There are 4 protein chains.
Amino acid sequence: MKTTILINCPDQPGIICTVTSFIHSHGGNVIYLDQHVDKQANVFFMRLESDFETDTFSVTKFKNEFEKNLTKPYQMKWSFSTDDMVPKMALFVSKYNHCLYDLLSRYNSGELKVDIPFIVSNHADLKPIADQFEIPFYHIPMTKATKAIAEEKQLALLKEHNVNFVVLARYMQIISTKIIDQYTNKIINIHHSFLPAFAGAKPYHAAFERGVKIIGATSHYVTEALDAGPIIEQDVTTVSHSHSIKDFIAKGRDLEKIVLSRAVKLHLQRKTMVYNNKTVIFS
Amino acid sequence: MKTTILINCPDQPGIICTVTSFIHSHGGNVIYLDQHVDKQANVFFMRLESDFETDTFSVTKFKNEFEKNLTKPYQMKWSFSTDDMVPKMALFVSKYNHCLYDLLSRYNSGELKVDIPFIVSNHADLKPIADQFEIPFYHIPMTKATKAIAEEKQLALLKEHNVNFVVLARYMQIISTKIIDQYTNKIINIHHSFLPAFAGAKPYHAAFERGVKIIGATSHYVTEALDAGPIIEQDVTTVSHSHSIKDFIAKGRDLEKIVLSRAVKLHLQRKTMVYNNKTVIFS
Amino acid sequence: MKTTILINCPDQPGIICTVTSFIHSHGGNVIYLDQHVDKQANVFFMRLESDFETDTFSVTKFKNEFEKNLTKPYQMKWSFSTDDMVPKMALFVSKYNHCLYDLLSRYNSGELKVDIPFIVSNHADLKPIADQFEIPFYHIPMTKATKAIAEEKQLALLKEHNVNFVVLARYMQIISTKIIDQYTNKIINIHHSFLPAFAGAKPYHAAFERGVKIIGATSHYVTEALDAGPIIEQDVTTVSHSHSIKDFIAKGRDLEKIVLSRAVKLHLQRKTMVYNNKTVIFS
Amino acid sequence: MKTTILINCPDQPGIICTVTSFIHSHGGNVIYLDQHVDKQANVFFMRLESDFETDTFSVTKFKNEFEKNLTKPYQMKWSFSTDDMVPKMALFVSKYNHCLYDLLSRYNSGELKVDIPFIVSNHADLKPIADQFEIPFYHIPMTKATKAIAEEKQLALLKEHNVNFVVLARYMQIISTKIIDQYTNKIINIHHSFLPAFAGAKPYHAAFERGVKIIGATSHYVTEALDAGPIIEQDVTTVSHSHSIKDFIAKGRDLEKIVLSRAVKLHLQRKTMVYNNKTVIFS
């Protein structure tokens, strides 16, 4: 059975040795190890992929002993997952379809090992795509007046379907604290600029106005501060004076969908850890 | 004789036809033409490289007739240059040497067709490099109290040597309006971030703090607004959680020197035009 | 009426002036001009976007006079198109779906202004995607023995539907001369390597074997020589020792679909010209 | 005392645990660990940075016990270095100066922690730069007839100065087996193409002829097979039809110097391991 362990704890000598010994002594074989120390914060991070004999391995027992022997003495935060878990991913969209198409194509091809219990949108425009891919689509309109109620409906859907994480595939509404608090570091957004440049609305217009020679896209975990959450992935493409705002938007679409999909894959592979509003992205 | 003409004027039908006919009828052959229309501002931009018979071509006569027949009726701003002109470039530096080394190596190799009458610095640290390349070096210290006087000295040097344009090769002082006004769109700076992100001091520290996955460098013409002038060239490189601020700075050095040198070359080849605080960069 | 003219001819003085005058005198306004001279081959290339008054403009008359006055005396090859023409694009696929999904998503979103009369494949695997997007799908199996007959069927479909150009969206068969001859510079392929490195079969395996640090994708017009036609677009992405062949393939998919779509768009916008087995790509 | 250990050996369970325990039990603290398994070849690679108490740590004793307890039972190849070692790097050049300038600038700035006992060249052209940076310069002319003798002189210099590794900074001669055999994986070359495309002479001319849209540079360890050694680092830049061969060469210079310097730094930081004609590049 293939497993992935993510750890962070105050840095101190001997952690790698201790953890790998522990896994070894419980019948596991470390097949990949990646670690990082944030020297400013004095925090140690590690990701381990290990193989255990499926027949004899007890997840419950392993987790209990890991917690007793390691997480407590080392003050670790940790997570343990087995590769047969298939997470549930909810998609939030508005009117733009390129990120949605890209994620659903990958899902249909088996590239994303995930369940998609539903797509939710504040507009009805993308329902045909949901139908095309046979995913349930919920149209929950949203105005200033109805935002609180609409978010209650969204939350109810998330709970009902035991959603593990949410992807905002060009969802054009701000997520409230009520939802963020329940899905901390579990809501992935794509912002259509090279953050922190051009946070907020209409970044391509702002980039055009400033006369930049490169535009970008940024995928990040959603936090209360708008477009200021931990960055997972960024990419850029060149532009010139000859490009109009419309050209920026068209070039940007290709960036956005690729950057968002990369971020979703990193999250799915449990290669991301968040600390101090920054990410450690394991390779 | 190879010549370069840069034009901008209100857009209207027939400009390309009129200008190329004019050149043709004055014995010139257009060997390269690049044009652009800023549709928002309704401004037409054009760059023409033309060949004239050196024996019979009179620059003065051509310029007079161009102005009478074209620039007035079309309300053109234009510049005319012949390829045998060698511009004078002054270098302003502080303590970092990588951009200076890069520019001087290119100058020594004949890659930059330019004269360098002098290097000026607010510190003495880089004098050995100036000596190594046999360029006069002026150490003009600068404190808050002495800034006005120091800038007078800088201006006097610029005037005395008939300097055409100034390159700030990691010069760590803010240039005053007094100098900017006399060298509008003729002072090229390198800023060590992907502007408009991280303008101002210590951009690598700010980028590290924000946890970006890509860092950049930006070369721009200096205007009164700090790090907000027309962008000439930008480039980026990837970073990760595993890079320290020191690593950012080291990776950034390579970006800075390449981006600055590209901008200097574009300026030298008269491939840049400025309009509305943005550049048109001809190919 | 917006029109696009593409020209190539032996280089000589005065062409830009003559052509722009001609357009002007026929009631047109040049709104974009891009030109290039291949100095080795002494060939002049130009692309002009012009606006004509739709009410009074006669395409037939314009073309006749252009040919009489310009193409003959200047030995021009030229093409003329109006922006209301919607070309017909046939898609050839095999089993991989990422390029197909990407093109169909863009088509459905209105990003590609094109008709897609049909998709043809030597396998039945991708029929569900064709169904999903409601495009006719023809399954034409192909073995060594049946290749000639199968290609006759393909040609018949192309003729019947007046197809203007063909896109090989990871079509895993070699196109015969019989088809290429009738669609010269009208068949666009995506090759999953940074050509000319790793032409032919299994380029990701070869790239892995060689230990390269960057992989690429190349879109080109199909010629008789395998993977050796004029290159339209290329892009690359970094890889490392930690990537398996499977990782190369996954990273490559994103490159392939983006590079192919860019090439299709350039072709659609009539921004490509072919000469000496190379392309001029207008901006 | 900071130390770096590089290991490769047949893969088997428990290696990470065993090695980290060994270091720990000898008073060391692992501060960075990076590992990789080549699953095809079943080889395990690891790089460890460890800190030892300088006062009590005996390098000799550590190495002896490491070999007795680990390298023999695990059939390891390993190398051990302390961070106070300053390697000796010889530079071989011909006529191009950009890579030489770049390396010497970095050396002078303290960016490269290395000694440069001498520069050797088959031409006298670059002697002034050697003088400028006060590095001994040996002009050893080389013709077909004198190659064997010239290489003897080169070897003698390398031996006399206890050179640890050689950098070919656009050295335009093929290195013979006689030298390669004595400096296996210790001679770093820069090739001015995106290998394996355009190996051999005049790659920019070949790239221009092929009409590629991207050019590259590749740094690799020198082996007997020309331009076919293990690749350390590659990078690319975009080109277009508008670029002449001269433009390719100019753009390429910037690539070459950056790619070569990155490779030299990776080698200096002991971040490279060679296996099956490929490199593992630790982060």
Side-chain angles (χ1 to χ4, degrees), chain C residues 34-40 43 45 193-199 203 205-221 227-246 259 262-263 266 272-283, chain D residues 34-40 43 45 193-199 203 205-221 227-246 259 262-263 266 272-283:
Chain C
D34 197 359
Q35 52 83 215
H36 170 64
V37 176
D38 181 327
K39 276 164 193 162
Q40 287 195 319
V43 178
F45 300 86
S193 85
F194 184 79
L195 288 174
F198 311 122
H205 291 72
F208 181 83
E209 193 59 35
R210 179 62 186 90
V212 295
K213 301 302 184 190
I214 290 177
I215 56 170
T218 305
S219 190
H220 62 93
Y221 288 116
D227 299 331
I231 293 170
I232 305 167
E233 176 75 9
Q234 299 188 291
D235 208 347
V236 296
T237 195
T238 53
V239 290
S240 80
H241 66 272
S242 71
H243 292 100
S244 63
I245 292 178
K246 216 176 130 192
V259 167
R262 279 192 211 143
L266 289 169
T272 66
M273 289 191 83
V274 173
Y275 195 82
N276 275 354
N277 204 45
K278 294 161 67 168
T279 57
V280 172
I281 304 293
F282 293 109
S283 64
Chain D
D34 198 0
Q35 52 84 216
H36 169 65
V37 176
D38 182 327
K39 279 167 193 160
Q40 287 195 318
V43 177
F45 300 87
S193 86
F194 183 79
L195 288 175
F198 312 123
H205 290 73
F208 181 84
E209 192 60 35
R210 180 62 186 91
V212 295
K213 301 302 183 190
I214 290 177
I215 56 171
T218 304
S219 190
H220 62 94
Y221 288 115
D227 299 331
I231 293 171
I232 306 168
E233 175 77 8
Q234 300 190 289
D235 208 349
V236 297
T237 195
T238 55
V239 290
S240 79
H241 65 273
S242 72
H243 291 101
S244 63
I245 292 178
K246 217 176 130 191
V259 168
R262 280 191 210 143
L266 289 168
T272 67
M273 289 192 83
V274 173
Y275 195 81
N276 275 356
N277 204 45
K278 293 162 67 168
T279 58
V280 172
I281 304 292
F282 293 109
S283 62

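Predicted model, so just to flag it, every value in this text is computed and none were measured. Below, chains carry the letters A, B, ... as their sequence lines are ordered, and counting in each starts from 1.
- Contact of C:Thr279 with chain D is made through backbone and side chain together, with heavy-atom distances under 4.5 Å.
- Nearest heavy atom pair, residue C:Gln40 against residue D:Phe208, reads OE1-CE2, 3.2 Å.
- Here D:Asp38 contributes atom CG and C:Ser244 contributes atom OG; the two are 11.0 Å apart, rounded to the nearest 0.5 Å.
- Ranked by non-hydrogen atom pairs under 4.5 Å with chain D, the options C:Ser240, C:Gly216, C:Ser283, C:Gly211 are led by C:Gly211.
- Closest heavy-atom contact between D:Lys278 and C:Glu209: CD-O, 3.5 Å.
- Residues forming a ring pair (Phe, Tyr, Trp, His ring centres under 6.0 Å) with D:Phe45 (at least two apart in sequence, or on another chain): D:His36, D:Tyr275.
- Between chain D and the options C:Ile245, C:Val280, C:Asp235, C:Ile232, the largest number of non-hydrogen pairs under 4.5 Å is found for C:Val280.
- Of the listed residues (D:Val212, D:Val37, D:Ile231), the one with the most heavy-atom contacts under 4.5 Å to chain C is D:Ile231.
- To the nearest 0.5 Å, the span separating CD1 on C:Ile214 from OG1 on D:Thr218 amounts to 8.0 Å.
- The side chain to side chain contact (heavy atoms under 4.5 Å, CB included) check on C:Asn277 picks up C:Thr223, C:Pro230, D:Arg210, with sequence neighbours excluded.
- A donor-acceptor contact shorter than 3.5 Å links the side chain of C:His241 to the backbone of D:Ile281.
- Rounded to the nearest 0.5 Å, atoms CG (C:Leu195) and NZ (D:Lys213) are 13.0 Å apart.
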